[in-house]
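Atoms considered below: every heavy atom in the structure, side chains included; atoms not considered: hydrogens, waters and symmetry mates. Naming convention: chains lettered A, B, ... in sequence-line order (proteins, then strands); numbering from 1 in each chain.
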Amino acid sequence: MAMEQYLLMNPLKFPILSTTIFLPLLGVIILLVMRDEKAIKVTALITGIINLLVSLLLYFNFNPDTYLFQFGEFIPWIPAYNINYILGIDGITIFLVILTALLAPICVLCSWTAIEHRIKEFMFCILLMETALIGVFCSLDFILFYVFWEAMLIPMYLLIAIWGGPKKDYASIKFFIYTLFGSVFLLVAIIAVYLATGSFNIPNAMFREYSLTFQYWVFLAFAIAFAVKVPMFPFHTWLPAAHTEAPTAGSVFLASVLLKMGTYGFLRFCLPITPKASLYFAPYMVALSIIAIIYGGFVCLSQTDMKRLIAFSSVAHMGFATLGIFSFTLFGFEGALLQMLNHGVSTGALFLCVGIVYERTHSREIYDNAGLGKIMPVYMGFFGLFSISALAFPGTNNFVGELYVLIGTFSQNKVAGFFAVIGAVLAAAYMLRLLKQIAWGREDKRTIKDMNIREIIYLLPLALFVLWIGIFPRPFVHTIEKTLIHLATQMQGFFH
Amino acid sequence: MMLLLPELYMLLVSVTFLFISLGRRRKSIFMCAKLISLLGLVVTLTSITGRGWLFHGAYKIDLFSQVFKALLSYGFCLVVFMLDTKDEIEEGCLPEYFMFLSFSTLGLMMLVSSVELISIVISLEVSSYSLYVIIPLRKGQTKIQLEASMKYLFFGAISTGIMLYGMSYLYGMCHSTFLSEILFIFPKFIDQPIGILALILTLTGFFFKLSLFPFHFWAPDVYEGASNTTTTFIATIPKIAGAALLIRITMLASAGSSQFVSILIILSALSMTFGNLVALVQKDIKRLLAYSGIAHAGYLMMGILALSRDGSASAIYYITIYLFMNLACFYVVILLSKKGENIVLNDLVGLSKRAPLLAFTLAVSAFSLAGIPPTGGFTGKLFLFTSAFREGYLTIVIIGAVNTVISIFYYLNLVRMSYSKEAPLIEPIKLSFHEKALCYIFIFLILYMGIMPFGLLGIFTAAI
């Protein structure tokens, strides 16, 4: 495929994708020369906010009527290996980019008082994470993608290893090695695709005919990498440890964006590049998703640590996303993508809520934090909203996502749909249990301050998104629809 | 005359140091050495375009040899700058120390230009003898440096012997000691056991220099026993020349021999796996780096066993980035040891508070050694993996990939120790301007080679 066939050039006057990727890096460079802690925080916050505004331009200039990649940028990089600097976004990635840009300033705000030492390095890590994550979603070249994909590990590792909880050592190394293990298989798969197509160009590699054996092996290599990232059932064990030990900002990034890299990989690479293998392995992937949903639900029921509970609920929620992807229906795809977005908003917000209460009580145990309903009414308002969103209450964002996924799944596989519904019921059980405990768990006369303005400011946009997607999902679905319709049609073409 | 400029300059340098060593001891020796090495780099770079044959075709000057000479003299220059004024070498021996270092570099420079068996052996020995002498030059230690030098000597002698044995086979088959003529006749023998045997035995000398399994036994003990600077030199500079000759000699087999390649694959796989697994349990950082070096020799073989132009270019690229990242690691070790003692992992605790720049240099080089983007180590590995994969050696690529994961554990340990562990007592390490500048240079080089590889890769591809 020639370049112009898949990449629409940038309609704006400036390279907007490069700007969103590298603006945080610019912030890092500015931070290098700063000493005053307050100024460092403010600079990081301003960088994050400017970047958010820039990324919003993407939404307003996005053309929802095409499935092609937009805002394209192309610069040759390593010509000898046909490696180029190609950027572009489509319906799958636009909201992931905006979500990342939204979370970065939130993470700066939520660490405002929680992080007390090495503030400069902390802000470095946050901004570097933002660069790497947006880079992952915008890259249309395998090597560029892989560079961002791996580069993200370093700040995340440092976030856990330096500012983490008591078992940070164990958690950070486990996180690093687990994800790196997945990544090297990704690298092998990338090289295999390169040798088959002659370039590292991602759109170029999509929707070609590859031999069946090639597809099987490449699918497996991709799937290991992405399954670790999601994380799917047998590969999930790094997640609770990393989540529990990470500082709030780290958990938010982990849950809201990092895990999405895995499902994004399935949508972007596995389905288009290895469609027949995807179909062949789909029953296994569906089974693993169901196991993740139900297993995650049961484990959540027995948790006493708020953060661990939410971490395990991620396993279940992401199970819905993979279930949607491997239903191979348009509804499934839309549901999966919405679910990725929803999980990013709701779970991120729940982690922020845990962070807020942890800063006050220095405990994450559900029992220690029980009965906050009367003491912190504003907090309970937010917490309540996010928990009912996490259990997919109608009118909130997760309901829409799960509904789409379930419709997609039922149309393909009734048994899988049945089990997924059981998972949804379990979600209601553990989230309501948590909510009940936190709100009315016990009566006492503690004096805990309610949320302050700063905390309300960073939770408010997330709350708005919860309701917006829940009540009026049209703009979101409309934006992502064309790309997914194209994907679904292409996939159907391969199957019949 | 002009063609030999880098070699002549190095010879002149060692003679100069010889005369300095005869005269009165001066404090300015470091300054002098730095200027000389810097000038040497300039001289080598100016002669990079030289082409020609010397000594009846035994000595070849081409882009390949000149690129390697530039690397060697760059490495030499960095090592000299790293030595500075540390209390490692007996002060009385310093001029001799520099003399032997430059003499060894001379030998290596000759090695990369030699295209005749006898001159290869002679150059190799010239470079090795100097190293045999300087390994025991270490201040304030008891016996480990003697053991190290004996080990290096014995293993060096044995591997030279084996190499000569292989060369005698080559000569017996081809009736010539000139590589150009061997290249002509040898392909007839490459499928026969005798041909493979001759080639493998001949390569032994360079396997030894590269510390490739099973010729690695000297590495950990020598690294541990020799002074930090000597180790830095041994761990990097001879490896460059070793890689050069490996590439040059394996070209003999470029007609393709599946058996020869399978032997190389086995050596590569064993070297990676063994090096990485043993490195996991090391406490002494120099020993750790020795085992990491064994593993890296295995990675490097991936480019060589591809027996293709791409493969060789990627091998050169990898050895170049290895030079920088390894030197950066050793530099941290050198700066951390006050009296030239060996540094263990626990000495790194709290490094990020004591000297943030050092901790950062170590982190960058460790991530690069492990092959995490956007460092040069990743780009180098990508090229190696791709070239091996392109020739269809999927197995070794997967073994390499799995090894990357194993290795991350101990490289990450270096970062973990310096960043996340709490230090009991914190005394900041003051770095001079010179030391800071070198650290920044290393960081820059490692990142630059990761992000902008095309210029160098182009030169290396042209050089093959």
Side-chain angles (χ1 to χ4, degrees), chain A residues 76-83 85 117-118 120-121 124 131-132 135 142-154 157-164 168-192 194-196 198 200 217 221, chain B residues 309-310 313-314 317 352-353 356 359-360 363-364 366-367 370-375 378-379 381-392 394 397-398 400-409 411-413 415-422 450-458 460-462:
Chain A
W77 187 17
I78 310 175
Y81 280 73
N82 212 344
I83 298 173
Y85 176 84
H117 66 296
R118 301 205 211 176
K120 192 175 182 176
E121 286 95 334
F124 270 9
T131 289
F142 274 120
I143 294 302
L144 192 63
F145 169 81
Y146 190 78
V147 166
F148 284 125
W149 172 279
E150 290 286 274
M152 171 281 304
L153 286 181
I154 300 173
Y157 166 75
L158 292 176
L159 276 182
I160 304 176
I162 301 181
W163 297 276
K168 57 188 180 180
D169 239 30
Y170 165 77
S172 58
I173 288 215
K174 190 168 180 180
F175 160 75
F176 204 106
I177 292 186
Y178 241 93
T179 45
L180 196 85
F181 175 78
S183 304
V184 292
F185 285 96
L186 176 64
L187 185 62
V188 173
I190 287 176
I191 295 176
Y194 164 64
L195 294 175
F200 281 108
W217 286 111
Chain B
R309 208 182 151 91
D310 278 347
S314 53
Y317 195 83
S352 70
K353 284 198 180 135
F360 188 62
V364 169
F367 281 126
I372 308 283
T375 58
F378 162 71
T379 318
K381 252 184 207 153
L382 172 73
F383 294 155
L384 287 178
F385 283 7
T386 312
S387 54
F389 207 149
R390 187 176 280 158
E391 302 303 318
L394 175 62
V397 174
I398 293 197
V402 172
N403 262 291
T404 304
V405 183
I406 303 176
S407 72
I408 189 69
F409 197 84
Y411 291 128
L412 204 59
N413 223 358
V415 183
R416 186 174 71 104
M417 284 291 174
S418 48
Y419 274 96
S420 64
K421 288 267 180 174
E422 301 298 331
I451 299 168
M452 306 275 174
F454 36 79
L456 276 177
L457 192 70
F460 295 156
T461 316

Exercise for review: Please report the closest heavy-atom contact between B:P373 and A:I154, naming both atoms and the distance.
Suggested key: O-CD1, 4.1 Å
Check your understanding: Closest approach of B:R416 and A:Y157, non-hydrogen atoms and distance?
Key -> CB-OH, 3.2 Å
What option among [options] has the most heavy-atom pairs under 4.5 Å with chain A?
options                        : answer
B:T404, B:I406, B:V405, B:T379 : B:V405
B:V415, B:I408, B:N413         : B:I408
B:T386, B:I398, B:T461         : B:T386
B:T375, B:L457, B:V397, B:L382 : B:L382
B:P453, B:G450, B:A313         : B:P453

Per-residue contact mode, [X] against chain A (heavy atom under 4.5 angstrom):
X      : answer
B:S314 : side chain
B:L394 : side chain
B:L412 : both
B:F409 : both

Exercise for review: Considering only heavy atoms and a distance below 4.5 Å, find which of A:I143, A:I83, A:L153 pairs most often with chain B.
Suggested key: A:I143
Review point. Is the A:Y81 ring parallel, tilted or perpendicular to the B:F383 ring (thresholds 30°, 60°)?
Key: parallel
Side chains of [X] and [Y]: does their closest heavy-atom pair fall under 4.5 Å?
X      : Y      : result
B:I372 : A:F176 : yes
B:V402 : A:V184 : no
B:P356 : A:E121 : no

With a 4.5 angstrom heavy-atom cut-off, is it the side chain or the backbone of [X] that approaches chain B, or both, or neither?
X      : result
A:I78  : both
A:A161 : both
A:I190 : neither
A:L180 : both
A:A192 : both
A:W77  : both

Review point. More than 12 non-hydrogen atoms from neighbouring residues, nucleotides or ligands closer than 6.0 Å to OH on A:Y178, yes or no?
Key: yes
Review point. If you draw a 6.0 Å radius around OH in A:Y170, do more than 12 non-hydrogen atoms from other residues or ligands fall strictly inside?
Key: no
Check your understanding: Between A:Y146 and B:F378, is a ring pair (Phe, Tyr, Trp, His ring centres under 6.0 Å) present by the stated rule, with each step listed?
Key -> CA-CA 10 Å; A:Y146 190 78; B:F378 162 71; 5.3 Å; yes
